[in-house]
Amino acid sequence: MADGSVVARAPLRSAEVDAVVVGAGFGGLYMLYKLREQGFSVQGFEAGDDVGGTWYWNRYPGARCDIPSLFYSYKWSDELQRDWKWTEKYAAQPEIHAYARHVADRFDLRPMIAFETRVLSATFDETADRWSVVTDRGDEVSCRWLIMATGCLSTPRAPAIPGVNSFAVTTYHTGAWPHEGVDFTGQRVGVIGTGSSGIQSIPIIAEQAKRVTVFQRTANFSVPARNGPLTERDLALFWKGYDDYMALVKGPGMGFGGNPANAPPETPEARQARYEELWALGGAGFLAVWGNLLTSLEVNDEAATFVRAKIAEMVKDPAVAEILAPRDHPIGTKRICVDTGYYETFNRPNVELVNLRATPIEEITPAGVRTSIAAYPFDALVFATGFDAMTGALRAIDIRGVGGVELRDAWAAGPRAYLGLAIAGFPNMFVITGPGSPSVLSNMINSIEQHVEWIIRCLGEMRETGRSRIEADEAAQDAWVAHVAAVADKTLFPRAASWYMGANIPGKPRVFMPYIGAGYRRKCDEVAAAGYEGFVVA
Ligand code: FAD
Ligand code: N01
């Protein structure tokens with residue numbers, strides 16, 4: 001509950017269902033809907049007290065999507081798509097959360113979900129081909145199919161800084177923001193982290209607070225959102241192109257890939273004109289400027305130089321602009337940020353930028369932050385320090401597969417999954433947008449729908465043919481993992497110390513986790529059509 005109390009309920013002891021779904025974000029909600037529609041009995045579990053996942057937890061000021069809302073919404077119900085009216089090009093968190101709530105109510109999904117319930121463990125019983133799922137409320141549920149909709153960005157992470165818990169006033173993490181909101185009026189606020197969450201929240205915190213000190217370790221590329229109200233004209237254009245768009249989404253090519261035909265023109269003038277055009281348009285579409293932006297360092301350098309020049313134009317103090325100019329990774333190899341007034345915020349008299357590359361933080365103290373040269377006292381400290389991405393939520397659960405092997409051990413050298421959907425040694429378990437699938441490099445809602453539809457087809461076919469066990473084959477998984485890495489190695493992505501690589505977590509193996517190749521949907525469909533090639537079915 002938002003007030004911290006917990007709803008009393010009896011544990012679901014010894015319940016038996018066909019399927020358990022863990023997580024009630026966009027992945028879990030659609031999975032629950034499809035399972036019920038196909039006549040499977042199902043139990044959902046969600047740690048929060050409401051649906052929405054990302055949009056339930058990330059309530060920091062300025063939180064909004066970076067894919068236009070008309071596209072960042074479910075496609076599986078035409079009526080839903082037509083009825084729901086987004087108010088802005090990029091909706092803010094409250095509106096996206098309201099949308100998730102609307103979906104849950106409209107399709108009556110809540111009765112299937114046990115809220116405020118965290119799944120602690122899942123153990124596979126090899127004799128029965130069933131999972132036993134245990135929660136922090138004492139539930140013990142047995143299921144044939146276990147579906148992890150636990151999210152790629154759902155395990156917030158505090159910075160690894162000495163004294164991190166010693167700050168005596170209040171500390172906030174953007175990924176676990178208080179439901180009642182925070183009023184920073186009159187306060188001295190420190191913000192650590194300048195990824196998407198920091199870049200979205202800093203301008204709004206700066207409007208409220210007496211003073212804001214931004215601690216930046218790595219400068220990030222950000223492009224202006226050019227957000228605004230959605231007009232009737234926008235809607236008309238959207239619906240006019242909808243069928244073509246859906247043909248693309250549902251087409252075999254789903255996945256990243258890039259468009260090789262989109263080569264940079266020969267003259268610098270023509271290229272600059274295109275950068276200007278996309279900059280004026282706003283949004284992450286800037287990365288689509290050339291098909292080889294993420295494979296050619298030379299091409300990438302030019303686009304990066306363009307953005308750095310824009311930063312220098314927007315930020316009045318050249319020394320501050322230089323600190324904000326990203327120079328240590330190619331543009332796009334860390335998630336590009338989409339902002340509203342971020343760089344201009346550093347022109348405000350109440351905002352200060354601390355360059356941690358020059359003066360690192362030595363410790364967090366009861367009074368604030370101490371760097372190698374100064375102490376900064378604060379009334380509030382904000383950690384915009386990101387997530388244990390893609391694997392954090394799965395590794396937090398004690399998952400034991402064949403022979404009692406723990407997932408944490410199976411993934412000790414980095415995540416391994418076949419198509420990002422299933423894991424060798426963990427039969428009957430599926431991961432929605434798992435590592436090795438396009439996931440965070442795609443419109444996540446489209447990827448969620450593709451995975452849910454693949455899983456439901458698989459479960460339907462298992463039921464029809466009277467089979468009770470499906471498991472990724474180790475050799476097929478090895479080949480897929482090698483392919484995911486080989487495709488990534490042909491791009492510039494591995495050059496950045498990004499969370500895509502696991503580089504934001506000390507000690508996490510450096511493996512490029514999302515799949516960046518083309519044709520992912522076709523590959524998944526071919527696997528299913530060939531009788532689940534690469535799986536062992538019993
Ligand atoms: P989540 O929404 O993360 O839901 C997972 C749920 O599982 C959570 O509610 C969590 O509480 C629950 N859970 C986890 N472990 C357990 C457990 N052990 N027991 C019980 N419950 C558990 N993607 C885009 O494509 N476009 C965007 O514009 C975009 N914007 C984003 C903005 C922010 C601030 C963030 C953080 C992410 C954004 N993303 C965006 C990515 C976003 O995570 C996905 O788009 C999508 O919402 C993920 O849905 P999901 O259901 O897979 O996971
Ligand atoms: O997290 P991040 P995020 N000392 O990991 C810094 C999605 N999202 O929450 O780069 C000092 O990107 C860290 O510095 P460095 C989106 O996919 C989308 O912002 O490691 N600094 C970095 O600056 C996004 O990519 C939206 O050197 C420390 C920051 O903290 C993903 O979620 C909005 C530190 C973390 O950045 C994660 O974004 C929000 C330390 N010890 C999120 N530790 C949209 O706009 C970490 N940092 C749609």
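Indexing begins at 1, ligand by ligand and atom by atom, following the structure's order.
At a threshold of 4.0 Å, the pair R327-E322 counts as salt-bridged, since one of the basic side-chain nitrogens sits closer than that to a carboxylate oxygen. A salt bridge does not link R118 to D139: none of the charged side-chain nitrogens sits closer than 4.0 Å to a carboxylate oxygen.
When only non-hydrogen protein atoms are considered, atom 23 (O) of ligand 2 lies nearest to T194 N, 2.9 Å. The protein heavy atom nearest to atom 32 (O) of ligand 2 is L153 CD1, 3.5 Å. Of the protein's heavy atoms, I448 CD1, 3.6 Å lies nearest to atom 49 (O) of ligand 1. Among all protein heavy atoms, the one lying closest to atom 13 (C) of ligand 2 is R217 NH2, 4.4 Å. Nearest protein neighbour of atom 33 (C) of ligand 1, counting heavy atoms only, is T54 CG2, 3.8 Å. Atom 8 (N) of ligand 2 has as its closest protein heavy atom S196 CB, 3.8 Å. Ranking protein heavy atoms by distance to atom 16 (C) of ligand 2, first place goes to R335 CG, 3.8 Å. Atom 17 (O) of ligand 2 has as its closest protein heavy atom W499 CZ2, 3.3 Å. For atom 35 (C) of ligand 2, the nearest non-hydrogen atom of the protein is A384 O, 3.3 Å. Looking only at heavy atoms of the protein, atom 10 (O) of ligand 2 is closest to K334 NZ, 2.7 Å.
The main-chain N or O of R157 is found under 3.5 Å from a side-chain atom of T385 such that the two form a donor-acceptor pair. Looking at Y343, its side chain never comes within 3.5 Å of a backbone N or O of A321 through a donor-acceptor pair. The closest donor-acceptor contact from the side chain of K250 to the backbone of L248 lies at 3.5 Å or more, if one exists at all. Between the D66 side chain and the C337 main chain, no donor and acceptor come within less than 3.5 Å of each other. Q93 places a side-chain N or O within donor-acceptor distance of the main-chain N or O of W55, the cut-off being under 3.5 Å.
Atoms of ligand 1 found under 4.0 Å from any heavy atom of I397 (numbered from 1 in listed order, with element): 18 (N). Here is the list of ligand 2 atoms found below 4.0 Å of a heavy atom in I192: 11 (C), 21 (N). Near L356, meaning under 4.0 Å from any of its heavy atoms, are these atoms of ligand 2: 11 (C). Here is the list of ligand 2 atoms found below 4.0 Å of a heavy atom in G193: 6 (C), 23 (O), 29 (C), 30 (O). Residue-ligand proximity, R157 to ligand 2, at heavy-atom distances under 4.0 Å covers atoms 43 (N), 46 (C). Every atom of ligand 2 with a heavy atom of Q200 under 4.0 Å away is listed here by number and element: 33 (C), 44 (C), 45 (O).
No hydrogens or angles considered: a donor-acceptor pair under 3.5 Å links the side chains of T218 and R357.
Polar contact with ligand 2: absent for N504 (N/O pair, distance under 3.5 Å).
Looking at Y60 against ligand 1, only its side chain comes within 4.0 Å, counting heavy atoms. Residue contacts with ligand 1 for I67 involve both N, CA, C or O and side-chain atoms from C-beta outward (heavy atoms, distance under 4.0 Å). The residue V440 has no part lying near ligand 1, judged by heavy-atom distances below 4.0 Å. Contacts of Y72 with ligand 1, taken as heavy-atom pairs under 4.0 Å, involve the side chain alone. At a heavy-atom cutoff of 4.0 Å, ligand 1 is contacted by the side chain of W57 but not by its backbone. Under 4.0 Å from ligand 1, the heavy atoms of S442 that appear belong solely to its backbone. Using a 4.0 Å cut-off between heavy atoms, S197 makes no contact with ligand 1 at all. Under 4.0 angstrom from ligand 1, the non-hydrogen atoms of N58 all belong to its side chain. The part of T117 lying near ligand 1 is the backbone, judged by heavy-atom distances below 4.0 Å.
Across all non-hydrogen atoms, the minimal contact from V223 to A284 is CG2-N, 4.2 Å. For the residue pair G190 and F215, the shortest heavy atom distance occurs at CA-CE1, 4.3 Å.
Not a single heavy atom of I432 sits less than 4.0 Å from an atom of ligand 1. Assignment of A63 to the shell around ligand 1 is not supported, since no heavy atom sits closer than 4.0 Å. Distances from ligand 2 to the non-hydrogen atoms of I161 include at least one value under 4.0 Å. Residue contacts with ligand 2 include Y60, since one or more of its heavy atoms lies under 4.0 Å from the ligand.
The side-chain tip of R59 points at the ring of Y56 from less than 6.0 angstrom away and within 45° of straight on.
For atom 44 (C) of ligand 2, the candidate residues are H173, M444, R64, H329; the nearest heavy-atom contact is made by R64. Distances from atom 42 (C) of ligand 2 to the heavy atoms of A284, C152, S197 show the closest one on S197.
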